[in-house]
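Okay, structure first, notes after.
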Amino acid sequence: MSKLFLVYGTEQCTLCKQATKMLEQQQQTYLYKIVGKDITQTDFFAMLEAVGATETRSLPQIVMIGDDNLATYVGAGQKGLIELAKMLK
């Protein structure tokens, strides 16, 4: 099963770095997008709405694109890291 993870954050985000490290350790494909640089804030919030994000104020925001090309909202902040760890087991 091929998955692509999208991790949205900032350059100084410690939790974002933890998310990407977790994905690298599990040899998962991911893209890291810096909000305000790689994606505008307007597009970022539109994406969060489109994937049904429940927490929009925390970083990282993690989304998974599955084989079916459908986006699944993983989570945000510390809770997002916990959900990501569950998915990778």
Side-chain angles (χ1 to χ4, degrees):
M1 180 181 218
S2 176
K3 295 177 253 189
L4 170 65
F5 289 89
L6 304 174
V7 180
Y8 297 88
T10 63
E11 295 178 79
Q12 297 82 23
C13 175
T14 303
L15 291 177
C16 302
K17 291 175 184 165
Q18 289 177 14
T20 58
K21 183 177 180 180
M22 191 182 308
L23 290 164
E24 288 171 2
Q25 289 173 338
Q26 296 295 318
Q27 300 178 339
Q28 296 293 315
T29 304
Y30 73 91
L31 294 174
Y32 186 73
K33 303 273 186 172
I34 298 172
V35 178
K37 182 176 179 183
D38 299 322
I39 184 171
T40 66
Q41 287 191 351
T42 301
D43 289 344
F44 172 67
F45 286 112
M47 178 278 305
L48 290 177
E49 184 177 337
V51 298
T54 54
E55 172 59 51
T56 60
R57 295 183 177 258
S58 298
L59 294 175
Q61 292 285 338
I62 306 168
V63 176
M64 182 191 74
I65 309 295
D67 287 334
D68 53 8
N69 283 330
L70 292 178
T72 301
Y73 182 66
V74 177
Q78 188 66 42
K79 290 180 183 178
L81 289 178
I82 292 167
E83 290 304 313
L84 179 61
K86 289 179 188 176
M87 291 180 94
L88 296 176
K89 285 187 177 184

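No hydrogens, no waters, no symmetry mates; every other heavy atom, side chains included, goes into these values.
- Rounding to the nearest 0.5 Å gives a distance of 11.0 Å between OG1 of Thr20 and CG of Leu15.
- Under the 4.5 Å side-chain heavy-atom criterion for ILVMFWY residues, a single connected hydrophobic cluster contains both Met87 and Val7.
- Under the rule for a side-chain hydrogen bond (donor to acceptor under 3.5 Å, both in side chains), Thr72 has no partner lying at least two apart in sequence or in another chain.
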Open item on the list: Working note: Gln41 + Val35, criterion side chain to side chain contact (heavy atoms under 4.5 Å, CB included); need CA distance, chi angles, decisive distance, verdict.
Closed with: CA-CA 6 Å; Gln41 287 191 351; Val35 178; 4.0 Å; yes
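- The hydrophobic clustering, which links ILVMFWY residues whose side-chain heavy atoms are closer than 4.5 Å, places Tyr8 and Leu81 apart.
- Among residues at least two apart or in separate chains, salt bridge (charged side-chain N to carboxylate O under 4.0 Å, His left out) pairs with a member in residues 74-85 are Glu83-Lys86.
- Across all their heavy atoms, Leu88 and Met22 have their closest contact at CD1-CG, 3.8 Å.
- Dense packing is recorded around CD of Glu24, with more than 12 heavy atoms of other residues, nucleotides or ligands lying under 6.0 Å away.
- Going from atom CG of Asp43 over to atom NZ of Lys33 covers 10.5 Å, rounded to the nearest 0.5 Å.
- The minimum heavy-atom distance linking Ala19 with Pro60 is given by the pair CB-CG, 4.2 Å.
- When the ring-ring contact (aromatic ring centres under 6.0 Å, His included) test is applied to Phe5, no partner is found at least two apart in sequence or on another chain.
- For the atom pair CG of Leu23 and CD1 of Ile62, the computed distance is 7.0 Å after rounding to the nearest 0.5 Å.
- Listed for the Gln61 side chain is a donor-acceptor partner under 3.5 Å among the backbone atoms of Glu55.
- Every residue two or more places apart in sequence or in another chain that forms a side-chain contact (heavy atoms from CB on, under 4.5 Å) with Ala71 is listed here: Val51, Val63, Ile65.
- Here the NZ-CG distance, from Lys89 to Leu84, works out to 11.5 Å after rounding to the nearest 0.5 Å.
- Residues satisfying the side-chain contact (heavy atoms from CB on, under 4.5 Å) test with Lys37, not counting sequence neighbours, are Glu11, Ile34.
- Here the OG1 atom belonging to Thr56 is positioned 6.5 Å from the CG atom belonging to Leu48, to the nearest 0.5 angstrom.
- Here the closest heavy-atom approach between residue Cys16 and residue Tyr32 is recorded as CB-OH, 3.2 Å.
- Residue Lys21 holds its NZ atom at 12.0 Å from NZ of Lys17, rounded to the nearest 0.5 Å.
- Put simply, Met47 and Leu59 are part of the same group of oily side chains (I, L, V, M, F, W, Y) that touch within less than 4.5 Å, one to the next.
- Residue pairs meeting the ring-ring contact (aromatic ring centres under 6.0 Å, His included) criterion with at least one member in residues 62-89, sequence neighbours excluded, do not occur.
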